[in-house]
Amino acid sequence: MKSMPIRLRLTLWNCFIFGTIIAVIISVVYLKHKQSHYREIDRMLLNISAHVHEEINQQLSEGTPFKEVQVSIDELSISEIAIMVKSKTGALIEANSHPFFKDRRIMNENQVIDPVNFKTITDSDGVRIRVHTASVHQKGEVVGYIEMLYSLRTLDNSLLRFKWIVIGFTGVGIFLAAIAGWFLAKKTLSRVDLIGRTAKAIASSQDFQQRVLHVGPADELGKLTETFNQMLDSLEKAYTNQKRFLSDASHELRAPLTSIRGNLDILHKIKNIPEAEKEEMLNDIRSESIRMSKLVSDLLSLARAEAGQLFNMETINLSSLITVVIEEMETWKKAVNVEASIEDDLYIWGSSDAIKQLLIILLDNAIKYTHPGGSVFVSLETANDQATIKIKDTGIGIEKEELPFIFERFYRTPSARKHTPDGTGLGLAIAKWIVDEHNGSLVLTSQSGEGSEFIVCFSVIK
Ligand SMILES: Nc1ncnc2c1ncn2[C@@H]1O[C@H](COP(=O)(O)OP(=O)(O)OP(=O)(O)O)[C@@H](O)[C@H]1O
Ligand SMILES: [Mg+2]
């Protein structure tokens, strides 16, 4: 089933709530109004009855027999009221009534309607009549009744009119609320609609530079727009990064491939190349292949990072892992002096392959970017339940302005390019990912020309 549009739903809810509130208020007001009118009539009937009673009692005390008593009341000309004095058996003794009651059946009934105080009856033609009956006593005995009738015709008609007026106004009110709700919903939803349209336009054009223009107040929708724009910022950044990564990666792969292909072409075409030159070309091909396979394996690591691949975590002895890596690196190092101070038996929760890769990246950099004769200091110690690895060198260092970009993929400082032309600029991006996956921290301090220090912290397992 096709769902109802939000705009219509909001409008209907608006009408429903408004209508219910108005209906409840109006009903209460109407009922109170009606009750107060009826109460007023009863009070009036009681007053007149008391007056008639007094008049009859006066006549009785003057010796007039009950059968001959008379009633004179002025109100009869203005209100549709009737006063009857009846005997104990209900025989009419005296009747005094407004013309409305003339010839009505109720006036000719020779009986007491009911000797109860108040009741409402309906006449043969549908007119409601309020009846009040009071007994008349003489010498402690009931001698007859005073029966008062009051036609509710005028009041009922006016209440009915009032009811219709109220219903009419409520209807108009709900109609106006519906129109107001419809336009209000349109105004509110137009901002949501704008977000939706922008999202659609971005999806079809892949133009992540678009933003939703926000001019309204900083309410929930304002916040939604802001969040949506922030999401677009991140998407744009990710998209640009992705594009740059792809072009950097192809560029980095093309250089060694071109060199390998060039050398192979020469070897293939020229048959009598001197042995020494041939050897040099083959060495070139070998080193370019090594460079390329390192690049491919780094790219693979980053692709795994992008795919959110999880490591095989276990308890690892960080102390012995660092010692092993340093020993392996010894064979790689040039004329650089490597010193180590490793605290024994520090355990962390992690992947030994990944931590080894991290250590190789940092040590390789420290050795690579240090001039012959320089030093590299490696230390491992615990402080506040943190295993802290410090890798410090006296190498070329990094300019202050370049520090923010160091962990970006493919980023290499000009001095590093000059010092070591080989290198892809992927090592630290991988290192950062490994540290993040281990919930650790990686901090770099460096001064150009003086050296750098990388500090990595992991939680220790006790
Ligand atoms: N110890 C260091 N001393 C000075 N500069 C450094 C050091 N470590 C990293 N850098 C700078 O950070 C850049 C990025 O390092 P990263 O390890 O990511 O790449 P790389 O060493 O250039 O290449 P590779 O991916 O082959 O390791 C380096 O090019 C260099 O400019
Ligand atoms: Mg490196």
Side-chain angles (χ1 to χ4, degrees), residues 241 244-245 247-256 259 286-306 322 325-326 328-329 332-340 354-379 389-437 441-456:
N241 276 350
R244 206 182 62 208
F245 177 65
S247 81
D248 286 348
S250 5
H251 181 262
E252 291 292 331
L253 278 170
R254 206 167 45 206
S259 156
R286 187 170 170 276
S287 68
E288 289 296 348
S289 316
I290 291 171
R291 189 173 156 220
M292 214 167 70
S293 68
K294 180 180 177 294
L295 179 66
V296 169
S297 109
D298 282 354
L299 284 175
L300 198 68
S301 293
L302 285 173
R304 285 203 192 108
E306 294 276 306
I322 295 188
V325 173
I326 293 174
E328 282 177 11
M329 298 290 284
W332 306 358
K333 70 176 184 183
K334 308 169 284 184
V336 174
N337 175 37
V338 178
E339 281 176 33
I355 298 291
K356 191 171 174 185
Q357 191 180 4
L358 164 75
L359 293 168
I360 291 173
I361 290 170
L362 296 179
L363 269 170
D364 174 53
N365 281 349
I367 294 169
K368 195 159 73 176
Y369 299 117
T370 300
H371 298 290
S375 304
V376 171
F377 306 97
V378 184
S379 70
I389 308 165
K390 292 182 182 165
I391 299 176
K392 191 172 162 49
D393 62 60
T394 57
I396 59 172
I398 302 163
E399 296 282 352
K400 210 170 150 215
E401 311 77 67
E402 284 163 334
L403 286 174
F405 311 107
I406 283 301
F407 295 99
E408 281 184 12
R409 294 176 295 195
F410 293 111
Y411 187 81
R412 303 198 71 214
T413 62
S415 49
R417 286 178 194 280
K418 211 166 108 198
H419 183 271
T420 316
D422 283 354
T424 55
L426 290 177
L428 286 184
I430 296 171
K432 179 89 181 64
W433 162 60
I434 293 172
V435 172
D436 286 348
E437 287 297 302
S441 66
L442 173 55
V443 181
L444 158 66
T445 48
S446 183
Q447 221 154 14
S448 179
E450 290 189 20
S452 316
E453 183 176 33
F454 285 84
I455 302 174
V456 187

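As the structure lists them, so they are numbered: ligands from 1, and atoms in each ligand from 1. Start at 1 with the first residue, then count along the sequence.
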Student: Are L442 and F454 close enough that some pair of their side-chain heavy atoms sits under 4.5 Å apart?
Tutor: yes
Student: For atom 21 (O) of ligand 1, what's the nearest protein heavy atom and its distance?
Tutor: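 For this ligand atom, the closest protein heavy atom is Y369 OH, 2.8 Å.
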Student: Hey, is F454 touching ligand 1 through its side chain, its backbone, both or neither, going by heavy atoms under 4.0 Å?
Tutor: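 For F454, only side-chain atoms sit under 4.0 Å from ligand 1.
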Student: State whether the shortest distance between N or O atoms of T413 and N or O atoms of ligand 1 falls below 3.5 angstrom.
Tutor: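 Yes, at least one N or O pair falls under 3.5 Å.
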Student: I'd like to know if the side chain of R412 and the backbone of L426 have a donor-acceptor N/O pair within less than 3.5 Å.
Tutor: no
Student: Just jot down the ligand 1 atoms closer than 4.0 angstrom to any heavy atom of G423, in number order.
Tutor: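 Here the atoms of ligand 1 in question are 23 (O), 26 (O).
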Student: Is the H371 ring parallel, tilted or perpendicular to the H419 ring (thresholds 30°, 60°)?
Tutor: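 The rings of H371 and H419 stand perpendicular, inter-plane angle above 60°.
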Student: Give the atoms of ligand 1, by number and element, whose distance to some non-hydrogen atom of A416 is under 4.0 Å.
Tutor: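 Answer, ordered by atom number: 29 (O), 30 (C), 31 (O).
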Student: For atom 29 (O) of ligand 1, which candidate among R412, K418, R417 provides the closest heavy atom?
Tutor: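 It is R412 whose heavy atom sits nearest to atom 29 (O) of ligand 1.
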Student: Just jot down the ligand 1 atoms closer than 4.0 angstrom to any heavy atom of L426, in number order.
Tutor: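 Those atoms are 18 (O), 19 (O), 25 (O).
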Student: As an exercise, state the distance from CG of L358 to NZ of K356, rounded to the nearest 0.5 Å.
Tutor: 13.0 Å
Student: Please determine if E252 and R291 form a salt bridge, counting it only when a charged side-chain N lies under 4.0 Å from a carboxylate O.
Tutor: yes
Student: Do E450 and T394 have side chains that approach each other closer than 4.5 Å (heavy atoms only, starting at C-beta)?
Tutor: no
Student: Starting from atom 27 (O) of ligand 1, what is the nearest protein heavy atom, named by residue and atom, and what distance separates them?
Tutor: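 Going by distance alone, atom 27 (O) of ligand 1 is nearest to K368 NZ, 3.7 Å.
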Student: Counting only heavy atoms closer than 4.0 Å, does ligand 1 sit against the backbone of E402, its side chain, both, or neither?
Tutor: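 Looking at E402 and ligand 1, no heavy atom falls under 4.0 Å.
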Student: Any chance you could measure M329, atom CE, to L359, atom CG, to the nearest 0.5 Å?
Tutor: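 Rounded to the nearest 0.5 Å, the CE-CG separation comes out at 9.5 Å.
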Student: Would a 4.5 Å heavy-atom cut-off, applied to side chains only, mark S448 and K400 as touching?
Tutor: no
Student: Considering only non-hydrogen protein atoms, determine which one is nearest to atom 5 (N) of ligand 1 and report residue, atom name and distance to 0.1 Å.
Tutor: I398 CG1, 3.4 Å
Student: Begin from the C-alpha positions of S301 and Q357 and carry the test side chain to side chain donor-acceptor pair (under 3.5 Å) through to its verdict.
Tutor: CA-CA 10 Å; S301 293; Q357 191 180 4; 3.2 Å; yes
Student: Tell me which part of D422 gets within contact of ligand 1: side chain, backbone, both or neither, using heavy atoms under 4.0 Å.
Tutor: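 Under 4.0 Å from ligand 1, D422 contributes no heavy atoms.
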Student: Could you walk me through whether L428 and W433 pass side chain to side chain contact (heavy atoms under 4.5 Å, CB included), step by step?
Tutor: CA-CA 8 Å; L428 286 184; W433 162 60; over 6 Å; no
Student: Looking at S452, which atoms of ligand 1 are within less than 4.0 Å of one of its heavy atoms?
Tutor: 2 (C), 3 (N), 4 (C)
Student: Starting from atom 14 (C) of ligand 1, what is the nearest protein heavy atom, named by residue and atom, and what distance separates them?
Tutor: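 The protein heavy atom lying closest is Y411 O, 3.3 Å.
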Student: Using 4.0 Å as the upper bound for N to carboxylate O, is an ion pair formed by E408 and R244?
Tutor: yes
Student: State the OG-NZ distance between S446 and K392, to the nearest 0.5 angstrom.
Tutor: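 Taking OG in S446 and NZ in K392, the distance rounds to 9.5 Å.
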Student: Do any nitrogen or oxygen atoms of I406 lie less than 3.5 angstrom from nitrogen or oxygen atoms of ligand 1?
Tutor: no
Student: If you count the atoms of ligand 1 from 1 in the order shown, which ones are under 4.0 Å from a heavy atom of K294?
Tutor: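 Those atoms are 24 (P), 25 (O), 26 (O), 27 (O).
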Student: For G395 and ligand 1, answer yes if some heavy atom of the residue is under 4.0 Å from a ligand atom, otherwise no.
Tutor: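 Under 4.0 Å: no for G395.
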Student: Hey, what do you get for CE (M292) to OG (S297), rounding to the nearest 0.5 Å?
Tutor: 12.0 Å
Student: Look at atom 9 (C) of ligand 1 and say which protein heavy atom is nearest, naming residue and atom and giving the distance to 0.1 Å.
Tutor: N365 ND2, 3.4 Å
Student: Report, in ascending order of atom number, the atoms of ligand 1 lying under 4.0 Å from any heavy atom of G425.
Tutor: 18 (O), 19 (O), 20 (P), 22 (O), 23 (O), 24 (P), 25 (O)
Student: Write out the residue and atom name of the closest protein heavy atom to atom 1 (N) of ligand 1, then the distance separating them to 0.1 Å.
Tutor: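 Result for atom 1 (N) of ligand 1: D393 OD2, 2.9 Å.
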Student: Is there a nitrogen or oxygen of L428 sitting under 3.5 Å from a nitrogen or oxygen of ligand 1?
Tutor: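 Between L428 and ligand 1 (N or O atoms, distance only) the closest approach is under 3.5 Å.
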Student: Is the Mg ion (ligand 2) under 2.8 Å from any N, O or S atom of N365?
Tutor: yes
